[in-house]
Amino acid sequence: MSFTHVLAVAPVIAIGPAVEWYERLFGRPADARPMDGLADWHITPYAWLQVFESPEHAGGTLVNLVVDDLDRALSDLADRGIAAGEIRPGSRGVRFASVHDPDGNRVTLVENPVAD
């Protein structure tokens with residue numbers, strides 16, 4: 001079996017407010033709106049985040065996004081009106097902090113110098 005992409009899905013209550021928030025998170029509009037109630041951000045050529053209107057499933061998603069510079073990423077988010085929780089340490093130099101979309105889905109930004 002061979003896989004070509006990773007599509008993470010964040011279910012939300014209402015697509016409009018969610019798209020506005022994710023546009024601030026990524027600093028740009030969605031890359032695609034393939035159908036009503038769905039927006040895609042292509043984070044890399046093979047990793048996408050889909051925001052999908054599904055009220056019965058909203059609020060329980062956990063997404064981790066690896067960033068080169070956590071301090072800079074959090075500063076950029078603050079400039080866009082998104083406040084993160086505290087920076088927490090992990091093992092081997094890893095640091096991370098989380099933000100939550102309007103429906104409670106958690107997006108954690110991870111700085112992992114070991115992965116370089």
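FYI, side chains are in, hydrogens and waters are out, and symmetry mates aren't considered; it's all heavy atoms of this structure.
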Is there a path from Leu65 to Val12 through hydrophobic residues (I, L, V, M, F, W, Y) whose side chains come within less than 4.5 Å of each other? yes

Say you draw a straight line from OG of Ser54 to CG of Leu38; how long is it, rounded to the nearest 0.5 Å? 11.0 Å

Not counting sequence neighbours, list each pair that qualifies as a salt bridge (charged side-chain N to carboxylate O under 4.0 Å, His left out) and has a residue in residues 30-58. Arg28-Asp31

May I ask whether Trp48 and Val19 are part of the same hydrophobic cluster, defined by side-chain heavy atoms of I, L, V, M, F, W, Y residues being less than 4.5 angstrom apart, directly or through others? no

Using the side-chain hydrogen bond (donor to acceptor under 3.5 Å, both in side chains) criterion, which residues pair with His100? Sequence neighbours excluded. none

Taking only residues two or more places apart in sequence, or in another chain, which ones meet Ala73 in a side chain to side chain contact (heavy atoms under 4.5 Å, CB included)? Val67, Leu109

Should side-chain heavy atoms under 4.5 Å link Ile, Leu, Val, Met, Phe, Trp and Tyr, which residues sit in the same cluster as Phe3? Met1

Over all heavy atoms of both residues, which pair between Ala39 and Ile15 is shortest? Give the atoms and the distance, please. N-CD1, 4.4 Å

Result block: side-chain N/O donor-acceptor pairs under 3.5 angstrom for residues 76-87, not counting sequence neighbours:
| from | atom 1 | to | atom 2 | distance (Å) |
| --- | --- | --- | --- | --- |
| Arg80 | NH1 | Arg24 | O | 2.8 |
| Arg80 | NH1 | Leu25 | O | 2.8 |

Applying salt bridge (charged side-chain N to carboxylate O under 4.0 Å, His left out) as the test, list every pair that has at least one member in residues 93-107; sequence neighbours left out. Asp71-Arg95, Arg95-Glu111

Once the angle between the rings of Trp41 and Tyr22 is folded into 0 to 90°, is it parallel (under 30°), tilted (30 to 60°) or perpendicular (over 60°)? tilted

Shared ILVMFWY cluster between Leu74 and Ile43, side chains joined below 4.5 angstrom? yes

Do any N or O atoms from the side chain of Asn64 and from the backbone of Val107 form a donor-acceptor pair under 3.5 angstrom? no

Would you say Asn105's side chain and Thr61's backbone share a donor-acceptor pair under 3.5 angstrom? yes

Met35-Val9 co-clustered via ILVMFWY side chain contacts under 4.5 Å: yes

Can you give me the closest heavy-atom contact between His42 and Ala32, atom names plus distance? NE2-CB, 4.4 Å

Please report the interatomic distance CZ(Phe96) to CG(Leu70), rounded to the nearest 0.5 Å. 10.0 Å

If you define the side chain from C-beta out and look only at heavy atoms, does anything of Phe26 sit under 4.5 Å from Leu49? yes

